[in-house]
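First the structure, in the form of C-alpha cells, and then the observations on it.
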Amino acid sequence: MSGPAAGTAVAATTTDVVCLGESMVTFLPSQPGRLADVPSFGRGIGGAESNVACALAAAGHRAAWVGRVGADGFGDHLVETIASYGVDTSAVRRDPFRPTGIYFRTATDRGTDTHEVAYYRAGSAASAMSPANVPYEELFAGRILHLSGITAALSDDCLALLRELTAARPGRPLVSFDVNHRPHLWRGGGASVLLELARRADLVFVGEDEAEEAWGIVGAEAIRAAVPEPSVLVVKRGSAGATVFASGLRPGPRSSIAGGAECGGAEDAATAATGPDTVTHVPALHVDVVAAVGAGDAFAAGFLSATLRGLPVRDRVRHGHLMAAAVLTVPGDLTEPPARDHADRLVALGDDAWGTLRLGPGWTAADRASEEVRTP
C-alpha cells in the first residue's frame, strides 16, 4: 500500500493524540564531562514524538505512539517503557532486519559548545518507515496527529511518509507539526523541507532560534509571514516566552480544534485559516533548571493537552510552560506532569503572580507546592 486509501476518514475517534516518530534508547551520563571521560551511563528513552505521547498520557489523555523498532532487547525496552506511561503502543511495528536506534549524550545543555551527542541510528528500524508500511487506520484514529521534522530527516522514505500525512484530504485529523530542526541529521535541503511541511500543517511549533538557523528568519512576525497557512503558529522564544498567531477560521477540510473550539471528535467539515491573526504573547516562567532536555516536547504536550480541553490560547501556552518546567527540573526527558487541578490553579493566576512564580525540583507534587513554588 502506498499512502492512505482514497477517502480515508476517521469514523470513530477513540484516541486523543497519535504521535508518529522514532524513539531510541538513550544513555545518560553518570557524571558531567566529555563522553570520552564518562565512566558509565544509565539507560533511558528518548524521542520527540514518544515524549509527547508519554506526557499526554500521564496528563490523563488517550495517547498512542506509532513507530518502528528492531526485534531486539532495546526495542522491547522502548515499547514496554512507553506503554508504562499509559500510551497505546499496539500499532508499533517490529523490524526483524534493522536495529533499534540508540544514542549517548553528555549532561550539559544542548545549546552549549560542550554538549556532545553520539547517535547510532543510521539504518535503524525507524528509518525504514514509509508510505507502504505504516498503519494508516491507526494514524488517522485520533483527534490530533502529531509529527516532527526529525522523522523527515531520517530517510527519503520517511520524508515521503511525512508528505503523505500532511497532504490535505477530507477527514484528515488536525496535524500538529514540531519543526525540531536537527542540522546534523540532514544531508542537505532540510531547511526547505521543514518549511514545506510546516506550511502543510494545522498547528505548528517552532523555536525562534531554529527558524533563524534553518530559514534565516528573525522575529516572530517574520516567521508568521513565512508560514501563513497553519491556523495556529506557536513561536517559542526561550526565556522570553512564546508568541501564538491564531487565525480566523471558516468551514473547510481541517479541524476546528485548531482555533479554540472544544474538540469533541473527528469532523468532516472543519477549518482552514482565514482572516487576521489574533496574536497572544505569554511570558515564560522562572525555572531552576536541572537539565534542558525534553522541554520542547513537554511544552508541545502541555499546549496540545489544553487544546484538547478547548482552553483559551493564553491558557494553552501557560500549560505548555508548566509542562516544560516539570521536565526542566528533572535530569531526563520525561517526568510526572503536575496534577491537572494544580496546573489549572497556576494557569489561572493573574499576570503579576504568574510573572513572579519560580519553580524548582519537586514542584509538581501538589502537597509540596507551597514549598517549591515561591517568589524570587
Side-chain angles (χ1 to χ4, degrees), residues 10 13-26 43-95 98-103 121 124-130 133-154 158 161-162 164-166 173-178 180 203 205 294 296-305 307-308 323 327 332-337:
V10 183
T13 299
T14 59
T15 305
D16 292 323
V17 182
V18 177
C19 303
L20 172 131
E22 179 173 35
S23 190
M24 296 178 289
V25 173
T26 176
R43 185 180 64 175
I45 66 169
E49 301 85 2
S50 60
N51 285 348
V52 172
C54 289
L56 284 166
H61 297 283
R62 298 163 299 178
W65 172 61
V66 178
R68 194 174 182 88
V69 300
D72 51 31
F74 286 145
D76 294 341
H77 176 65
L78 277 176
V79 174
E80 292 167 6
T81 303
I82 293 170
S84 73
Y85 282 84
V87 176
D88 180 357
T89 59
S90 60
V92 175
R93 298 297 188 257
R94 307 301 292 262
D95 191 319
R98 298 175 181 85
T100 303
I102 64 173
Y103 73 99
R121 73 196 308 178
S124 70
S127 70
M129 291 188 296
S130 78
N133 64 18
V134 298
Y136 282 98
E137 183 177 351
E138 286 89 346
L139 286 172
F140 287 176
R143 297 193 275 181
I144 298 174
L145 172 62
H146 181 71
L147 310 168
S148 93
I150 295 172
T151 304
L154 297 180
C158 284
L161 173 60
L162 266 285
E164 285 277 4
L165 295 175
T166 57
L174 180 142
V175 172
S176 166
F177 180 73
D178 194 333
N180 263 328
L203 191 166
F205 300 94
D297 304 329
F299 178 92
F303 191 95
L304 292 174
S305 172
T307 298
L308 286 161
M323 281 273 209
V327 169
D333 291 24
L334 293 167
T335 189
E336 188 74 18

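In this chain, residues are counted from 1 in sequence order.
Between L139 and V134, the shortest heavy-atom contact is CD1-CG2, 3.8 Å. The nearest pair of heavy atoms linking M129 to G67 is SD-CA, 4.1 Å. Here the shortest heavy-atom pairing between L56 and A63 reads CB-CB, 4.2 Å. Annotation for V18 and E138: closest pair CG2-O, 3.6 Å, computed over non-hydrogen atoms. Taking each heavy atom of F140 and P173 in turn, the nearest pair found is CD2-CD, 3.9 Å. Here the shortest heavy-atom pairing between F205 and S176 reads CE1-OG, 3.4 Å.
With contacts defined as side-chain heavy-atom distances shorter than 4.5 Å, the pair R68/N133 qualifies. A 4.5 Å side-chain heavy-atom check between H77 and V25 finds at least one atom pair inside the cut-off. Side-chain contact check for S23 versus V69: every heavy-atom pair is 4.5 Å or farther apart. Looking only at side-chain heavy atoms (C-beta outward), P135 and V66 come within less than 4.5 Å of each other. By the 4.5 Å heavy-atom criterion applied to side chains, E49 and L20 are not counted as neighbours. Using a 4.5 Å cut-off on side-chain heavy atoms (C-beta onward), R94 and D76 make contact. The closest side-chain heavy-atom distance from L165 to V175 is not below 4.5 Å. For the pair T89/L78, no side-chain contact is recorded, criterion being any heavy-atom separation below 4.5 Å from C-beta on.
Atom CG of L334 sits about 8.5 Å away from atom CG of D297, to the nearest 0.5 Å. Summarising the geometry, atom CD1 belonging to I102 is positioned 5.0 Å from atom CZ belonging to F74; distances are rounded to the nearest 0.5 Å. Atom-to-atom distance recorded for R98:CZ and S127:OG is 6.5 Å, nearest 0.5 angstrom. Rounding to the nearest 0.5 Å places CG of N51 at 10.5 Å from OG of S148. Separation of atoms OH (Y103) and OG1 (T26) is listed at 3.5 Å; rounding is to 0.5 Å. The line from SG of C19 to CD1 of I82 is 10.0 Å long, rounded to the nearest 0.5 Å.
Judged by distance alone, with hydrogens and angles left aside, the side-chain atoms of S305 form no donor-acceptor pair with the main-chain N or O of G302 at under 3.5 Å. At least one donor-acceptor pair under 3.5 Å links the side chain of T100 to the backbone N or O of G70. Counting only distance, with no hydrogens or angles, the side chain of W65 and the backbone of G21 share a donor-acceptor pair below 3.5 Å. A side-chain donor-acceptor contact under 3.5 Å links D16 to the backbone of R62.
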Next item on the list: Quick one: do L304 and H146 satisfy side chain to side chain contact (heavy atoms under 4.5 Å, CB included)? Show the steps, please.
Entry: CA-CA 9 Å; L304 292 174; H146 181 71; 3.9 Å; yes

